[in-house]
Amino acid sequence: MLARHDAILNLAALLSRAPGADFEAVGEGLLAPSDDTLEALTLRLEGPLSWHLAVRGTGDDDFLLEGSVSGTAVQECGRCLTEVATEVGASFIFPTLYRPGVEELTLMEDRDDNEDVLVFGKPAVDFTALLSQLFAVEQPITVLCREDCKGLSLDGVNLNDHPEHVEAAPPASKPSPFAALEDLDL
């Protein structure tokens, strides 16, 4: 399967269904977000994102979107700054509304119950931005290249590659004037 720069799902059959008919629109594929999207989300990828979406009717213009997105993000190790490939995945469910005239998929807060609702206004819905944002949000804040990462020396040398480059211990300093308060019981 080839990676695409968009994740478009055509909901025309779902929108034209008979009232009460049980029907869903399903799509999946590989998504390679544009460089602009990746830059805006400060996201680097090792390959395309894998996605799956299912939209089901729950009322006249009410739908339920269920989906997942996964892939490999490239982040810097929090200690030594080497690149680390990190598997990331997100599953989601959103109530979704059809409102003719809405140009692109929009996330809004429902005033009645303060729940996030997706709104779309055309049969062909591009989920690229939503999938990219949900993937970006799931990235860990910090990663390590390995559990025992030694980090960088003060002059920027990766101590994992050059363990002999450990700086000498700082010279012994005079005791802290607050050391006398150490045993103070409050």
Side-chain angles (χ1 to χ4, degrees), residues 1-15 17 22-58 62-99 102-110 113-149 151 158 160:
M1 184 181 306
L2 292 174
R4 296 177 42 144
H5 291 292
D6 57 32
I8 296 176
L9 191 57
N10 191 334
L11 304 180
L14 188 61
L15 292 171
R17 76 189 191 294
D22 188 24
F23 189 74
E24 71 178 9
V26 177
E28 61 183 31
L30 297 176
L31 173 64
S34 69
D35 291 340
D36 291 340
T37 299
L38 294 174
E39 186 177 326
L41 296 170
T42 61
L43 188 61
R44 292 187 303 153
L45 301 175
E46 190 171 85
L49 300 176
S50 176
W51 61 273
H52 176 82
L53 297 173
V55 181
R56 292 175 190 79
T58 59
D62 297 338
F63 301 90
L64 185 67
L65 168 69
E66 284 187 74
S68 63
V69 61
S70 61
T72 305
V74 178
Q75 297 178 275
E76 289 183 341
C77 174
R79 292 183 187 159
C80 69
L81 304 180
T82 59
E83 290 187 349
V84 179
T86 308
E87 294 295 321
V88 178
S91 296
F92 49 89
I93 297 175
F94 284 105
T96 307
L97 300 172
Y98 174 65
R99 296 293 181 258
V102 174
E103 289 299 314
E104 59 186 40
L105 187 66
T106 307
L107 185 63
M108 299 174 58
E109 187 176 309
D110 187 2
D113 56 12
N114 292 332
E115 186 176 73
D116 288 335
V117 176
L118 289 171
V119 180
F120 68 99
K122 295 183 178 183
V125 182
D126 189 354
F127 290 95
T128 304
L130 177 70
L131 292 169
S132 300
Q133 290 169 1
L134 290 170
F135 181 83
V137 166
E138 289 298 318
Q139 287 190 94
I141 293 172
T142 185
V143 296
L144 295 177
C145 61
R146 60 187 204 209
E147 286 298 317
D148 65 339
C149 178
N158 186 334
N160 296 314

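The two atoms that bring Val26 and His52 nearest to each other are CG1-CE1, 3.6 Å, heavy atoms only. Taking both residues in full, the closest heavy atoms of Ser132 and Leu43 are given as O-CD2, 4.3 Å, listed atom of the first, atom of the second, then distance. When all heavy atoms are compared, the tightest approach of Pro140 to Val88 is CD-CG2, 4.2 Å. The two residues Leu15 and Pro123 come nearest to each other via the heavy atoms CD1-CA, 3.9 Å. Considering every non-hydrogen atom in both Glu115 and Pro95, the closest pair reads OE1-CG, 3.1 Å. Contact record, Arg79 with Cys149: NH1-O, 3.1 Å, taken as the closest heavy-atom pair.
Distance check: Leu118 CG to Leu64 CG gives 10.0 Å after rounding to the nearest 0.5 Å. Rounded to the nearest 0.5 angstrom, Leu81 CG and Cys145 SG are separated by 10.0 Å. The CG atom of Leu31 sits 10.0 Å away from the CZ atom of Phe135 when rounded to the nearest 0.5 Å. To the nearest 0.5 Å, atom CZ of residue Phe63 and atom CZ of residue Phe120 are 4.5 Å apart. Remark: Thr96 OG1 to Asp116 CG distance equals 11.0 Å, nearest 0.5 Å. Atom CD of Glu83 sits about 9.5 Å away from atom CD of Glu46, to the nearest 0.5 Å.
The side-chain heavy atoms of Pro33 and Leu45, taken from C-beta on, include a pair separated by under 4.5 Å. Between Trp51 and Leu134 there is no side-chain heavy-atom pair separated by less than 4.5 Å. For the pair Met108/Leu97, no side-chain contact is recorded, criterion being any heavy-atom separation below 4.5 Å from C-beta on. Counting heavy atoms from C-beta outward, Leu11 and Lys122 have side chains that stay 4.5 Å or more apart. At a threshold of 4.5 Å between non-hydrogen side-chain atoms, the residues Leu131 and Leu49 do not count as touching. Two residues are said to be in side-chain contact when any heavy atoms from C-beta on lie closer than 4.5 Å; Leu65 and Leu130 meet this criterion. Using a 4.5 Å cut-off on side-chain heavy atoms (C-beta onward), Phe94 and Leu107 make contact.
Thr106 places a side-chain N or O within donor-acceptor distance of the main-chain N or O of Glu104, the cut-off being under 3.5 Å. For His5 (side chain) and Ala32 (main-chain N/O), a donor-acceptor pair under 3.5 Å exists by modelled atom type.
For Asp148, the CG atom sits in a packed shell: over 12 heavy atoms of surrounding residues, nucleotides or ligands are nearer than 6.0 Å.
Donor-acceptor pairing under 3.5 Å is recorded for the side chains of Asp126 and Thr128.
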